[in-house]
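Comments concern the structure below.
As the structure is a computational prediction, the values presented were derived from the model and not from experiment. Basis for what follows: all heavy atoms, side chains included, without hydrogens, waters or symmetry-related copies. Residue numbers begin at 1 in each chain, while the letters A, B, ... track the order of the sequences.
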2 protein chains.
Amino acid sequence: MARRMVPRPAAVVVDLDARKATILEAVVIEHIDTAQPVGSSAVAASADLDVSSATVRSEMVALEREGYLAQPHTSAGRIPTDKGYRYFVDHLASGVLGTVQQQQVKDFFAGVRGEVEDVLEQTSTLLSKMTRYTSVVVGASHAHASILSVQLVNLDSRHHLLVTVFSDGSVVKHSLSPSFEATHSEVMEASRQLNALLIGTTLESRVQVPSRHDHEASLVREAVATLHASQPVMDGEQVFIGGSSNVAQAFDGVETVRQVLAILEQELLVVSLVQDMLNQGLSVAIGSEHGYEPLLACALVVAPVTIDGSPAGAVGLLGPTRMKYKEAMAAAEVVSAQLTRHFAGEDCSA
Amino acid sequence: MARRMVPRPAAVVVDLDARKATILEAVVIEHIDTAQPVGSSAVAASADLDVSSATVRSEMVALEREGYLAQPHTSAGRIPTDKGYRYFVDHLASGVLGTVQQQQVKDFFAGVRGEVEDVLEQTSTLLSKMTRYTSVVVGASHAHASILSVQLVNLDSRHHLLVTVFSDGSVVKHSLSPSFEATHSEVMEASRQLNALLIGTTLESRVQVPSRHDHEASLVREAVATLHASQPVMDGEQVFIGGSSNVAQAFDGVETVRQVLAILEQELLVVSLVQDMLNQGLSVAIGSEHGYEPLLACALVVAPVTIDGSPAGAVGLLGPTRMKYKEAMAAAEVVSAQLTRHFAGEDCSA
DNA sequence: GTTAGCAGTCAATTCTACCGAGTGCCAACG
DNA sequence: CGTTGGCACTCGGTAGAATTGACTGCTAAC
């Protein structure tokens, strides 16, 4: 899967003159609204530039030559290209959330309770309900969190459960199935040793395991190995996708819908996509920009969530390239800000 | 949401005579294959009854009158009704899994490792890949499992994590945020008391909590209350849905697709649907039979998974009413059997 | 540089005719 | 009486032609 970083439009994109920008904006807005190609006369009428459709036409020719607009066929109106959307997003799409929705977010965060996972999941639902797009909420991996507690619990003489608690409040379990039978006291002793060994370390720390050949030492070795072999992202299960039913309406063409759904099923893929983007603050990847073929028809809005200034996850919205960028960006921004505040504030278990 | 139990076709459905049954079977099979109405001549040709299309026609009229077939419009062929599918499933659909797929299942279960959750999730993926339908795998709730260990871990002086390990190998966490600050030793002491109190009990047991007013007792009370208030199904998170992208192709009509996806998002609903069915062994709910409006176009195949003879979950397949019942039922049956064996056999952590 | 006007293009729509799959009915047949 | 071939009829789907109308690009005039 060929991937490349999201290309921020640097000096490449020259600012359009004011009239071209207005025309482009009108086309984008109209097309987002109607899903139809937009004609020159519609633009001339809607935008507040007092020029005739003929003038708009000649400007549109220029915009098409420069790659901001495209024509599905002669004698049709224009639709924005990815580049057109990009310009729109970068220069023209400062939106504020409607007051109703703003209240909705406030109410939600005022009333939300429970485990981090539950909060994230509910946030995901909130976002998708608000925007009618598919939302992706990614929680921080606990790769850098330190271990608060390790416990080895007997299931039976051959099977034990390793329960690890991290400083970010996450808990993971691993089963151990050693090839020998261990007594209850051996397991207890191993558990004690593991605590001594691992508390305060992170999954990335190297630790000195005992090299003896007794049962305790073997258990400890196996436990440490299992723990360190675990994939932080996988184990965290910190991905919450909401509103996937919205893709059914967002795209036309069964095959596109199927492809997007299939992508969403592979949560890992979505996570990596989101994570590629979250250094840049609130950001958007449009169509080909994320470099992932099956999502050509999609745009992805991502806003990072931080805790103590360092990245702790992200919220994202996935929609068609003709998505309502203003609303989506505003929603993502507000929700990520609230989430950041939520984690900094009353609830410290994150 | 109006719901009723799946009505098993008892004495109501009179056995059709052999020829009608053959004709019905031919119509069902053909329509499942082609998604088109099936005409009398096609039936006369395909089935091994040596009668003319005219005879088939008159039989079809009867089958329609009795409610097994329907005509989309005059001068079209017939399609099966839900009742028709029901008869097919009950009397005509004994299928065996293709050897290729049988091998696929075997290979999968030979190679599968890891936590119960991972096994269930991968099973779900397997099922959906094999059948091209959406799979639902439900794990047992740990409502009846006994508690093996309880541990209270300090996050900070105001926030603690209650980690509970059950005999079925599941681990759940709850945050506690008492209104007072607790010292490390108070938390340790409360943890000890909780262990003494809860080990061996189930979530349904009543336990005697201390009534003192010190910090330890308060922590213990809060912990027990939190634990007992938790929803087993919710917390277990033991629902795994795979291949939801398949719904995009399974139904025509964007709206139907959206509705089905929306249902799948509400995992609780799917679980209750499945659980209504799993007393009956391998069973099928077709169209209106599950009594849930938005799934009128769907059929659901469910096979229970047992451990030590008692129900421990289920595997299900969700598809259109014109789904390949033979294959789907065979797949569900084989996989549930393998899963049952898997849990009984080498892996005891379930 | 802007505009009105005009000819040209092409998707979408409508209309028509027609085909053909499939039915229902009936008379004849064993 | 059940079965069958034959026949008229229905009606959705398709193919083609005609029409519409929303655009454009171009050009000449302002």
Inset, instruction - Considering non-hydrogen atoms only, spot the tightest contact between B/Met323 and B/Ala299 and give its length. - result: SD-CB, 3.8 Å
Legend entry - Closest non-hydrogen atom pair between A/Ser128 and A/Asn246, with its separation: O-ND2, 3.7 Å
Legend entry - Whichever of B/Thr55 and A/Ser53 has its nearest DNA chain D nucleotide further upstream toward 5': B/Thr55
Inset, instruction - Sort out for me which residue in B/Lys20, B/Arg65, B/Arg78 forms a salt bridge (charged side-chain N to carboxylate O under 4.0 Å, His left out) with B/Glu59. - result: B/Lys20
Legend entry - Closest nucleotide among D/dC11, C/dT3, D/dG25 to the B/Ser75 side chain: D/dC11
Inset, instruction - Would you tell me if any nitrogen or oxygen in the side chain of A/Thr74 comes within less than 4.0 Å of OP1 or OP2 on C/dC10? - result: yes
Inset, instruction - Under the side chain to side chain donor-acceptor pair (under 3.5 Å) rule, what do A/Ser124 and A/Ser135 come out as? Steps first, then yes or no, please. - result: CA-CA 6 Å; A/Ser124 171; A/Ser135 74; 2.8 Å; yes
Legend entry - Side chain of B/Arg57 (C-beta onward), nearest among D/dG6, C/dA11, C/dT3: D/dG6
Inset, instruction - Please determine, for the side chain of B/His73, which listed nucleotide (C/dT2, D/dT3, D/dG12) has the closest atom? - result: D/dG12
Inset, instruction - Give the rounded distance in Å between these two atoms: CD of A/Gln71 and C1' of C/dG8. - result: 13 Å
Inset, instruction - Could you check how far CG of B/Leu69 sits from P of C/dT23, rounded to whole Å? - result: 10 Å
Inset, instruction - Starting from P on D/dT3, measure out to CD on B/Glu59 and report it in whole angstrom. - result: 7 Å
Inset, instruction - Would you kindly give the CG-to-C1' distance between B/Asp50 and D/dG5, to the nearest whole Å? - result: 17 Å
Legend entry - For atom CD of A/Gln36 and atom C1' of D/dA22, their distance in whole Å: 11 Å
Inset, instruction - Pick base, sugar-phosphate or nothing for B/Ala54, based on heavy-atom distances below 4.0 Å to the nucleic acid. - result: base
Inset, instruction - Ignoring backbone atoms, test whether B/Arg19 places a side-chain nitrogen or oxygen under 4.0 Å from the OP1 or OP2 oxygen of D/dT3. - result: yes
Inset, instruction - Write down the distance between CG (B/Asp17) and C1' (D/dG2), rounded to a whole number of angstrom. - result: 13 Å
Inset, instruction - Report yes if a side-chain nitrogen or oxygen of A/Ser52 is closer than 4.0 Å to either non-bridging phosphate oxygen (OP1 or OP2) of C/dT2; otherwise report no. - result: no
Inset, instruction - To the nearest Å, give me how far apart CD1 (A/Ile79) and P (D/dC23) are. - result: 14 Å
Legend entry - A/Arg65 CZ to D/dG25 C1', straight-line distance once rounded to whole Å: 13 Å
Inset, instruction - Verify the contact: side-chain N or O of A/Ser58 to OP1 or OP2 of C/dG1, cut-off strictly under 4.0 Å; return yes or no. - result: no
Legend entry - Flag, side chain of A/Glu25 to backbone of A/Phe88, donor-acceptor distance under 3.5 Å: no
